[in-house]
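Since this is a predicted model, take the numbers as computed values, not measurements. Order of listing sets the numbers, starting from 1, for every ligand and every atom in it. Residues take their numbers from the sequence shown, with the count starting at 1.
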Amino acid sequence: MRVLHLTDPHLFADRKGSLRGAVTYDTLQAVLAHYRASGFAADLVALTGDIVQDDSAGAYAHCRDLLAALGLPVFCVPGNHDTPQLMRDVLPNPPFTYCDSLEQGNWLVVGIDTRVEGRAGGRIAESELRRMEETIAASRAEHVMICLHHPPVTMRSKWLDSVGLDNGDEFLARAAASGRVRTAICGHVHQDYDAVHEGVRVLATPSTCRQFLPRADEFAVDDRPPAYRRIELGPDGSVDAELIWVAGA
Ligand SMILES: [Fe+2]
C-alpha cells in the first residue's frame, strides 16, 4: 500500500490567508502539484490534522476541494487547531473518513484522536487506546499503521515538548504489545522525525506550509520549504518512507 502523508496545512477561508509568511492554500496546492507530477501513485492520503487555522467551514471546504480532486480515500485525524464538528460537517464521506480504520492487503490503518479541547498539547483518551487495541485484535492484517496528530515521543525542543502528547509512552507500550504496529505517523511538530521506539517506527512529517526549527528551546520558525512524505507499506511489514521538500513552493 502506498500512502501520501500530508499534515498541518493550516488553511484559511480566505485563500490569501498566510501563516508566518506562507500562503497556506498556495503551499498545499504546490505540494499536491509536486505529488501529481512525481509518478508516485498513492492508494491513500493520510492527513494528520491541523487542517485549518481559522476555525472556519470555508477552510475545510478548500481542503475538501483540493484533496477530493486526487480521487483517493483521505484518512483524517484531527489536530489541536481543528474543530471536529466542522470537520465532520464539511468533509463528506467518502472519500474522507474521520478517525476510522481500514484494511488493505496485509495492512490495517487506524486513526487515533489525540485532541484535547482547548489545549495545544494532546492526550489519548482510554476509550481511544482501547479502540486501537480492539480494532487491531479484530483484524486479520499482520501489520498496522497508526495515524495521530501529536507524536508519541519528545522532540528535544522545550517549547514543543510542552505541547506534546501526555501519554505517548503508554500509547507506544500498548501499540508495541500488539506485536503488529510497525509505524505511527504524525504531524504537529512541523519538522522531520524518523526513529524507532519499542519496535514502532515513529514518523513525523513537516507541514505543507511553515516549519518549526528543530531542537529549539523557544518557538522559532525554520526556513525549510513545504513538504510531504511518500510511504510504501510492504506486504512483509516493511515501511519505506521518503520525505519530499517542495522547494520554491
Ligand atoms: Fe500544526
Side-chain angles (χ1 to χ4, degrees), residues 4-14 17-32 45-56 59-60 62-63 66-67 74-84 86-87 91 98-99 111-124 146-166 168 184-194 202-216 218-229 243-246 249:
L4 167 61
H5 185 202
L6 303 173
T7 194
D8 297 82
H10 291 268
L11 295 168
F12 295 84
D14 178 355
S18 68
L19 187 67
R20 298 178 192 98
V23 178
T24 58
Y25 184 91
D26 291 350
T27 58
L28 177 57
Q29 250 191 338
V31 163
L32 295 174
V45 178
L47 180 57
T48 49
D50 282 3
I51 294 170
V52 308
Q53 179 68 16
D54 63 355
D55 300 329
S56 73
Y60 284 109
H62 291 324
C63 170
L66 287 171
L67 295 187
V74 183
F75 198 86
C76 303
V77 294
N80 46 294
H81 283 278
D82 286 306
T83 305
L86 279 179
M87 256 176 101
L91 302 180
Y98 181 90
C99 290
I112 293 293
D113 188 350
T114 57
R115 198 180 158 277
V116 179
E117 185 66 40
R119 273 183 50 191
R123 178 172 187 86
I124 308 177
I146 307 289
C147 302
L148 72 176
H149 180 67
H150 297 82
V153 293
T154 60
M155 301 301 297
R156 299 164 84 176
S157 168
K158 213 174 184 177
W159 79 271
L160 264 175
D161 290 335
S162 74
V163 291
L165 185 63
D166 284 355
I185 68 170
C186 325
H188 187 59
V189 294
H190 293 226
Q191 61 193 266
D192 178 29
Y193 183 87
D194 183 352
V202 177
L203 290 165
T205 295
S207 163
T208 63
C209 60
R210 276 299 228 163
Q211 315 308 349
F212 299 147
L213 192 66
R215 301 201 179 177
E218 313 267 331
F219 173 83
V221 293
D222 200 353
D223 59 4
R224 303 213 74 168
Y228 69 96
R229 200 183 298 269
L243 177 61
I244 309 294
W245 297 102
V246 181

### Query
Between Thr24 and Thr208, is any pair of side-chain heavy atoms under 4.5 Å apart?
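SC-SC contact between Thr24 and Thr208 ruled out.
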
### Task
Could you tell me whether Arg115 and Glu117 have a side-chain N and a carboxylate O separated by less than 4.0 Å?
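Judged by the 4.0 Å cut-off on N to carboxylate O distance, Arg115 and Glu117 do form a salt bridge.
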
### Query
Has Arg156 got more than 12 heavy atoms of other residues, nucleotides or ligands less than 6.0 Å from its CZ?
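Not buried by this count: 12 neighbours or fewer within 6.0 Å.
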
### Query
Rounded to the nearest 0.5 Å, what separation is found between the CG atom of Asn80 and the OG1 atom of Thr114?
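Here the interatomic distance stands at 7.5 Å.
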
### Task
Give a yes or no answer on whether the side chain of Thr83 reaches the backbone of Asp55 with a donor-acceptor pair at less than 3.5 Å.
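Looks like no, no N/O pair under 3.5 Å.
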
### Message
For a distance under 2.8 Å, give residue and atom name for each protein N, O or S atom next to the Fe ion (ligand 1).
### Response
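Hits for the Fe ion (ligand 1) below 2.8 Å: Asp8 OD2, His10 NE2, Asp50 OD2, His190 NE2.
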
### Query
Between Asp14 and Tyr25, does any side-chain donor sit less than 3.5 Å from a side-chain acceptor?
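Per modelled atom types, Asp14 and Tyr25 side chains form no pair under 3.5 Å.
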
